[in-house]
Amino acid sequence: MGQVLLPKGSFLIRIQPANSLAFQHTGKNIGDNMEKSDITLYLGGTSSGKSRRAEEHVQKEAEGPVLYVATARKFPDDAAMMERIRRHCQRRPAHWATFECPLHLGKMLPSRIDDLVSASPSSASQRNDAMPTVLIDCVTMWITNILMEQVNPGNLSPFLDAVQSETEDLIALMQQRHCRWVLVSGETGLGGIAQNTLGRTFCDGLGLANQLLAEQADNAYLVVAGRLLKLS
């Protein structure tokens, strides 16, 4: 697949079917499960209410087991971040399983989903509305972690390659596994162009991931001040 270039200072969301040719893979596991997943993406700025909206969506719609995927890395010396994590943990239902996974979501999640289903009192295969739900919060921290893994974080091209590769791995997993997928991500493209190289690089990478994920989403929402705007 060719490199995706992001227009500067723009916000583009284009929805297309999940079986788009752009994301067809030849791996032997693709298509093994012909049931279609349900994918919802919540975008928003900092403290816009996007995580809370995603959690409310899951609490309303999920009837099977729930896996909460936390992508943020914990740094005990960052008091503000630790408090943010604590508040997120506090408001989650106790019966949700939590998996801390900062990188390689497409490779790390399959075994966790299998464990979730096997541990559930009722199998997700018994009825469609009991399929597992996977809530990923958030794409923003995941992309940050990918950036920090780069040898030269300010070098745009290899970073975009890494973002595209990891995002495509996740998309392939979402296409394979009959789950309800709910993803939370930051929308940084509305705040102008960052003044430093690292900031511009990060915004381009996050914008790329958001567009790739939104292309596969059945529903995508922009959250502003806790209110929803459906994207089409």
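All values below come from the heavy atoms of this structure, side chains included, with hydrogens, waters and symmetry mates left out. Residue numbers run from 1 in the order of the sequence given.
Looking at Asn145, its side chain never comes within 3.5 Å of a backbone N or O of Leu103 through a donor-acceptor pair.
At most 12 non-hydrogen atoms from other residues, nucleotides or ligands lie less than 6.0 angstrom from CD of Gln195.
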Stepwise side-chain contact (heavy atoms from CB on, under 4.5 Å) check, Thr140 with Leu206: CA-CA 7 Å; Thr140 314; Leu206 180 60; 4.1 Å; yes
List the steps and the verdict of side-chain contact (heavy atoms from CB on, under 4.5 Å) for Leu222 and Val224. CA-CA 7 Å; Leu222 179 65; Val224 180; 4.1 Å; yes
Derivation and outcome, side-chain contact (heavy atoms from CB on, under 4.5 Å), residues Thr40 and Asp38: CA-CA 7 Å; Thr40 302; Asp38 179 82; 3.8 Å; yes
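For the residue pair Gln59 / Glu55, no side-chain donor-acceptor distance below 3.5 Å is found, with atom types taken as modelled.
Across all non-hydrogen atoms, the minimal contact from Thr188 to Cys203 is OG1-SG, 3.6 Å.
Remark: His57 engages Tyr42 in a ring pair (Phe, Tyr, Trp, His ring centres under 6.0 Å) (not counting sequence neighbours).
Sorted by first and then second residue, the ring-ring contact (aromatic ring centres under 6.0 Å, His included) pairs with a member in residues 100-120 form an empty list; sequence neighbours excluded. Residue pairs meeting the salt bridge (Lys or Arg N to Asp or Glu O under 4.0 Å) criterion with at least one member in residues 130-156, sequence neighbours excluded, are Arg73-Glu149.
No path of Ile, Leu, Val, Met, Phe, Trp and Tyr side chains, each step under 4.5 Å between heavy atoms, connects Val66 with Met108, placing them in separate hydrophobic clusters. Using a 4.5 Å cut-off between side-chain heavy atoms of Ile, Leu, Val, Met, Phe, Trp and Tyr, with links allowed through other members, Ile39 and Tyr221 fall into different hydrophobic clusters.
Using a 4.5 Å heavy-atom threshold, the side chains of Val184 and Leu135 count as touching.
Annotation: cation-pi pair Arg92/Tyr68 present, NZ/CZ under 6.0 Å from the ring centroid and within 45° of its normal.
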